[in-house]
Asker: 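Attaching a single structure in structure tokens format; questions to follow.
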Amino acid sequence: MKAEGACMSQGEPVAGGGPAAAGAGLKALPRDFYGREVNLVARELVGCRLMHEGVGGVIVETEAYNRNDPACHAHRGMTERNRVMFGPPGRAYVYFSYGMHHLLNIVCEREGEPAAVLIRALEPREGIERMRSRRAPVVELRQLANGPGKLCQALGIDLARNGEPVYRGPLKIYPPDSEWQGTGIVATPRIGISVGTRRKWRYCAAGSRFLSRKA
DNA sequence: CCTGCGATTTGCT
DNA sequence: GCAAATCGCAGGC
């Protein structure tokens with residue numbers, strides 16, 4: 001909500017934004033939106049719209065990770081894989097997991113302080129047929145992007161996006177549209193990790209049917 | 001509905 | 001050598 005005020009300026013349509021941008025507000029969230037405490041950003045990203053080359057939807061589930069957290073890739077210092085997490089905020093940290101899935105994070109906090117928000121699930125809104133063809137044979141709307149690996153597959157996100165800014169670039173995030181104002185957020189333990197499970201750093205849109213798992 | 005397991009590659013112990 | 005921020009399928013209840 002704070003971020004919204006920061007980018008409410010009006011003007012001509014964003015170049016290359018197309019119908020996607022029109023549906024979610026004209027301007028992408030600014031770089032400074034991400035340069036804040038990672039749990040705050042994770043919570044506020046729920047309800048925002050994620051777009052990649054004309055395909056995307058509303059973020060309904062996120063998780064926060066930071067340096068002090070044993071489940072975080074950066075907990076034990078910098079490696080070739082997690083290097084982007086140590087860089088400036090507002091960039092995509094994409095990595096390859098289980099030998100077959102890509103997972104998308106957005107880098108947060110100040111440069112040098114590794115932290116990121118994992119984008120876990122999306123309510124599909126645009127480019128649905130392209131999502132279906134990438135996710136084939138899956139056809140059901142709720143199964144297209146209700147998980148971090150599925151989401152990257154549906155949107156065509158891979159290592160080529162690693163390190164790229166999401167405030168400008170093929171991957172973009174827009175503030176919530178008016179109908180999402182007031183949607184509740186539920187915090188729960190994170191999914192798929194074996195340490196740090198006591199933290200409730202997973203944020204879900206209350207009542208959404210597009211979550212990877214029920215909140 | 002729920003639980004368990006195999007796929008398949010990388011990164012780090 | 002093994003675990004991993006996952007997914008989809010098989011099998012049981």
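The sequence lines fix the lettering, A, B, ..., with proteins before strands; numbering per chain opens at 1.
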Asker: Please report the distance, rounded to the nearest Å, between CG in N146(A) and P in dT6(C).
Answerer: 13 Å

Asker: Tell me: OH of Y95(A) to P of dT8(B), nearest whole Å?
Answerer: 19 Å

Asker: Is the terminal nitrogen or CZ of R43(A) (NZ for Lys, CZ for Arg) located under 6.0 angstrom from the six-membered ring centre of Y203(A) and within 45° of that ring's axis?
Answerer: no

Asker: Given the ring of F33(A), does R36(A) sit roughly above its face, with NZ or CZ under 6.0 Å from the centre of the six-membered ring and within 45° of the axis?
Answerer: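 Cation-pi check for R36(A) and F33(A): passes.
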
Asker: Is there a donor-acceptor contact under 3.5 Å from the side chain of N82(A) to the main chain of T79(A)?
Answerer: yes

Asker: Give one of base, sugar-phosphate or nothing for R120(A), where a contact means two heavy atoms less than 4.0 Å apart.
Answerer: sugar-phosphate

Asker: Just how far, in rounded Å, is P of dT6(C) from CD1 of I191(A)?
Answerer: 8 Å

Asker: Can you measure L103(A) atom CG to dA5(C) atom P for me and round it to whole angstrom units?
Answerer: 9 Å

Asker: When you measure from the side chain of R81(A), which nucleotide among dG11(B), dC7(C), dT6(C) comes out closest?
Answerer: dG11(B)

Asker: Is it the case that one hydrophobic cluster holds both L29(A) and V46(A), taking links as side-chain heavy atoms less than 4.5 Å apart, direct or via other members?
Answerer: no

Asker: So, OP1 or OP2 of dG8(C): does either fall under 4.0 Å of a side-chain N or O from R135(A)?
Answerer: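 Answer yes for this pair, as a side-chain N or O of R135(A) is under 4.0 Å from OP1 or OP2.
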
Asker: Which one, dA5(C), dT8(B), dG8(C), comes nearest to the side chain of M100(A)?
Answerer: dT8(B)

Asker: Rounded to whole angstrom units, what separation is found between the CZ atom of R202(A) and the P atom of dA5(C)?
Answerer: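 Taking atom P of dA5(C) as the reference, CZ of R202(A) is at 16 Å.
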
Asker: Identify whether any heavy atom of S194(A) sits under 4.0 Å from a base atom; if not, whether one sits that close to sugar-phosphate; answer base, sugar-phosphate or nothing.
Answerer: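 The answer is sugar-phosphate, as S194(A) gets under 4.0 Å only of primed atoms, P, OP1 or OP2.
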
Asker: Is there a Watson-Crick or G-U wobble partner for dC1(B) with both distances under 3.5 Å, and if so, which one is it?
Answerer: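 The base-pairing partner of dC1(B), which may sit in any strand shown, is dG12(C).
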
Asker: Base, sugar-phosphate alone, or nothing: which one does I193(A) contact when heavy atoms must sit under 4.0 Å apart?
Answerer: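 Since only primed, P, OP1 and OP2 atoms lie under 4.0 Å of I193(A), the category is sugar-phosphate.
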
Asker: Can you tell me how far P of dG8(C) sits from CD of E140(A), to the nearest Å?
Answerer: 12 Å

Asker: Can Y65(A) be said to stack with the base of dA5(C), given centres closer than 5.5 angstrom and planes under 30 degrees apart?
Answerer: yes

Asker: For Y93(A) and dA5(C), give me the distance from atom OH to atom C1', rounded to whole Å.
Answerer: 9 Å

Asker: Between dT6(C) atom P and R213(A) atom CZ, what is the distance in whole Å?
Answerer: 10 Å

Asker: Where the side chain of E63(A) meets the backbone of I191(A), is there a donor-acceptor pair that is under 3.5 Å apart?
Answerer: yes

Asker: Does dT8(B) have a Watson-Crick or wobble partner in any strand here, with both distances under 3.5 angstrom, and which is it?
Answerer: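 Looking at the geometry, dT8(B) pairs with no nucleotide.
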
Asker: Tell me which of V138(A) and A116(A) sits closer to the 5' end of DNA chain C, going by the nucleotide each one is nearest to.
Answerer: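 So the residue in question is A116(A).
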
Asker: Contact class for T79(A) (heavy atom, under 4.0 Å): base, sugar-phosphate, or nothing?
Answerer: sugar-phosphate

